[in-house]
Amino acid sequence: MSRSIAILTGGGDCPGLNAVIRAVVRCAILQHGWRVIGIEDGFDGLVGTPRWRELDLAAVRGILPRGGTILGTSNRGNPLAYPVRSAQGVQLVDVSAEVVGNFKALALEALIAVGGDGTLKIARRLQDLGMPMVGVPKTIDNDLRGTDVTFGYHTAVEIVTEALDRLHTTAESHHRVMVVEVMGRDAGWIALEAGLAGSADVILIPEIPFDMDAVCAALATRRQRGTRFSIVVVAEGAQPCGGDKVVQATAGENLGVERLGGIGAAVSRDIAARLGVETRAVVLGHVQRGGSPVPFDRILGTRFGIHAVALIEQRQYGRMVALRGRAITDVEISSAVDSPNLVDPQGELIRTAEALGIGVGR
Ligand code: F6P
């Protein structure tokens with residue numbers, strides 16, 4: 001009998017998800033003759049009455065250049081702490097047994113979970129509960145261990161770099177300091193690499209708590225050298241020395257993760273007050289996650305999808321596909337989610353920035 005497998009996309013979306021779905025479906029059908037179904041809206045689609053759709057070749061036609069995910073996603077439906085509303089309010093309930101039951105009722109052999117840290121932690125738990133899982137790492141933040149890079153990241157860096165190029169011309173015309181807030185909850189990869197590519201003057205990341213005196217000294221030095229505009233890139237998770245991350249909405253309010261945002265405006269106000277220069281804050285937000293993936297992410301997502309199918313063919317479960325050097329390989333899901341992949345404050349990339357005279361807030 002033909003084997004049946006499923007795929008879902010969980011957590012925040014990211015360019016390249018459709019490349020993975022397409023690769024899995026095409027390889028499973030064309031190379032192995034398997035049946036593939038897509039679970040809708042991440043693990044949410046396996047809670048209550050399952051929501052899924054058949055994925056045949058026609059279902060994935062034309063999706064390679066499309067951003068987002070044709071299956072939908074959710075970063076609220078964690079089956080290990082599922083929000084259930086009752087007269088008493090909202091309670092977080094472990095519904096993982098229901099997820100496993102639905103998976104078995106669908107007569108599936110394995111589930112490919114494409115997601116970041118949160119999704120892969122759920123996948124690890126479900127694997128422990130006897131559900132054969134294969135993980136595929138995605139996040140624009142690039143903060144997952146076990147793989148050199150996640151797909152989606154290069155697209156985000158390209159979007160931010162283009163924005164920095166555009167902001168340069170208007171900053172220069174008006175002699176302003178433009179403060180650009182980018183995504184990066186715990187890891188400053190997007191801020192750092194886009195800041196380097198887009199010629200930022202100051203880059204602030206979560207891994208290096210910043211000192212406003214140092215930030216303003218870097219900007220003042222630049223002015224003294226005769227350049228009257230500057231570009232500051234700040235990751236949403238950056239925080240001042242001894243301070244906290246700036247939060248827009250707490251986890252309790254949105255039943256998901258804490259929503260960050262606002263550090264760019266705070267830094268912009270502070271620079272204006274201290275240096276007496278005109279500043280503007282720009283938040284790039286979800287623009288960084290939208291639209292078509294760059295070729296690198298299309299190819300990486302495709303290679304990840306093909307390797308995920310190979311793992312299922314060999315019945316190797318509890319594994320996450322990964323890029324190491326130029327090769328596609330796989331690692332234990334656990335090894336990817338136990339701790340985040342952060343920028344090394346003493347590493348070569350930061351030293352490169354400092355060698356160029358870019359301020360990092362220290
Ligand atoms: O994890 C990726 C990410 O883009 C973070 O950088 C950001 O904090 C978060 O997603 C925002 O998610 P949401 O879609 O819930 O606003």
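Atoms considered below: every heavy atom in the structure, side chains included; atoms not considered: hydrogens, waters and symmetry mates. Just so you know, ligand 1 is whichever comes first in the structure, and atom 1 is the first atom listed for that ligand. Nothing fancy with the numbering, it's 1 onward along the sequence.
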Margin query: Closer than 4.0 angstrom, basic N to acidic O: yes or no for D117 and K121?
Written below: yes
Margin query: Less than 4.0 angstrom from a charged side-chain N to a carboxylate O is my criterion; do R124 and D338 meet it?
Written below: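 A salt bridge is present here (some side-chain N lies under 4.0 Å from a carboxylate O).
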Notebook entry, point to check: Which atoms of ligand 1 sit under 4.0 Å from any heavy atom of R289?
Noted result: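 Under 4.0 Å from R289, ligand 1 has these atoms: 3 (C), 4 (O), 9 (C), 10 (O), 11 (C), 12 (O), 13 (P), 14 (O).
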Notebook entry, point to check: What are the atoms of ligand 1, with element, lying closer than 4.0 Å to any heavy atom of G184?
Noted result: 6 (O)
Next item on the list: May I ask which of E236, E258, Q248, H286 has a heavy atom nearer to atom 13 (P) of ligand 1 than the others do?
Entry: H286
Check: Can a cation-pi geometry be assigned to R222 and F229, taking NZ or CZ under 6.0 Å from the six-membered ring centre and within 45° of the ring axis?
Finding: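 That pair qualifies as a cation-pi contact.
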Notebook entry, point to check: So is there a nitrogen or oxygen of N75 less than 3.5 Å from a nitrogen or oxygen in ligand 1?
Noted result: yes
Notebook entry, point to check: Between L260 and ligand 1, which residue portion shows a heavy-atom distance shorter than 4.0 Å: side chain, backbone, both, or neither?
Noted result: neither
Item checked: Residue pair R298 / S292, side-chain donor-acceptor N/O under 3.5 Å -> yes
Check: Any donor and acceptor pair, going by atom type alone, linking the side chain of D244 with main-chain N or O of Q239 inside 3.5 Å?
Finding: no
